[in-house]
Visitor: 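Dropping the structure in here first, questions after.
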Amino acid sequence: MKKNKLGILLFVIILGLAMILTACQPAAQPPAPPAEPPAEETIIVGFVYVGSTSDAGWSFAHDQGRIYMEEQLPWVETLTAERVPPGADFDRVVREMIQQGATVIFGTSFGYMDFMVALAEEFPEVIFMHCSGFKTAENMGTYFGRIE
């Protein structure tokens, strides 16, 4: 019985030390922003929002990411359009952004998905990123963040 208690005590001590050592590790630092692009060119990124960026919700959260990106990557400029419903308005807005030099487009509404797929096929030199969708193309990906 004493051997069993000694084994349990030893296990608890080792477990406690492991927890303490793990907790004392320095916090992980976010990665440093990438270096300037070699060609020193400005990258124009378009963001199309289904709602207002002052809604304190979905569009606001996306816009906070856009602002952070501009702060961290000085060679990035952004274009934005708010309150754009899926359909012809979305198509027109994206085309205008591409005419203004956008080479990356973020569509932040599930309803944009099919329109983005069609635009991605028409503009293979532009990168499209669609939030919350499930369709992709050669130059179109999807993303989704935590929402709890």
Visitor: Contact between E82 and F47 at the side-chain level, heavy atoms closer than 4.5 Å - yes or no?
Guide: no

Visitor: Whether the side chain of N139 engages the backbone of V126 through a donor-acceptor N/O pair (distance < 3.5 Å, no angle test) should be reported.
Guide: yes

Visitor: Does the pair K135 and D114 meet the rule for a side-chain contact (heavy atoms from CB on, under 4.5 Å), with working shown?
Guide: CA-CA 8 Å; K135 294 181 181 178; D114 290 329; 2.6 Å; yes

Visitor: Do Y49 and R66 come within less than 4.5 Å of each other through their side chains, counting heavy atoms only?
Guide: yes

Visitor: Please report the closest heavy-atom contact between I105 and M116, naming both atoms and the distance.
Guide: O-CE, 4.0 Å

Visitor: Are the side chain of D89 and the backbone N or O of V84 linked by a donor-acceptor pair below 3.5 Å?
Guide: no

Visitor: Check the pair D63, T80 against side-chain contact (heavy atoms from CB on, under 4.5 Å), reporting the backbone distance first and the verdict last.
Guide: CA-CA 9 Å; D63 201 50; T80 62; 4.2 Å; yes

Visitor: So which heavy atom on R83 is nearest to which on P85, and how close?
Guide: O-CD, 3.4 Å

Visitor: Does the D55 side chain pair with the main chain of F60, one donor and one acceptor, at a distance under 3.5 Å?
Guide: yes

Visitor: Show the numbers, then the answer: is there a side-chain contact (heavy atoms from CB on, under 4.5 Å) between I44 and T78?
Guide: CA-CA 5 Å; I44 301 174; T78 60; over 6 Å; no

Visitor: S59 side chain to G51 main-chain N or O, any donor-acceptor pair under 3.5 Å?
Guide: yes

Visitor: Heavy-atom distance under 4.5 Å between the side chains of H130 and M140, does that happen here?
Guide: yes

Visitor: Can you tell me how far the CH2 atom of W75 sits from the CD atom of E41, to the nearest 0.5 Å?
Guide: 11.5 Å

Visitor: Which residue pairs pass the salt bridge (charged side-chain N to carboxylate O under 4.0 Å, His left out) test when at least one of the two sits in residues 72-81, sequence neighbours left out?
Guide: none

Visitor: Checking W58 side chain against S109 main chain: does a donor-acceptor pair fall under 3.5 Å?
Guide: no

Visitor: Can you name the side chain to side chain contact (heavy atoms under 4.5 Å, CB included) partners of E71, sequence neighbours left out?
Guide: I67, Y68

Visitor: Taking all non-hydrogen atoms of both residues, which atom of G141 and which atom of T136 are closest, and how far apart?
Guide: CA-CG2, 4.4 Å

Visitor: Test of understanding: with side chain to side chain contact (heavy atoms under 4.5 Å, CB included), list the residues that count as partners of R95, not counting sequence neighbours.
Guide: D91, L119, E122, F123

Visitor: More than 12 heavy atoms of other residues, nucleotides or ligands under 6.0 Å from CD of E138: yes or no?
Guide: no

Visitor: So, do V48 and M97 sit near enough that their side-chain heavy atoms are less than 4.5 Å apart?
Guide: yes

Visitor: Kindly write out the residues that satisfy side chain to side chain contact (heavy atoms under 4.5 Å, CB included) with F110, not counting sequence neighbours, or none if the list is empty.
Guide: M113, S132, F134

Visitor: Look at the aromatic rings of Y112 and F90 and report parallel, tilted or perpendicular, splitting at 30° and 60°.
Guide: parallel

Visitor: Give the minimum heavy-atom separation between M69 and V76, together with the two atoms involved.
Guide: CE-CG1, 3.7 Å

Visitor: Please list, chain by chain and in numerical order, all residues satisfying ring pair (Phe, Tyr, Trp, His ring centres under 6.0 Å) with F128, sequence neighbours excluded.
Guide: none

Visitor: Check side chain to side chain contact (heavy atoms under 4.5 Å, CB included) between T103 and all other residues, then give those that pass, not counting sequence neighbours.
Guide: I43

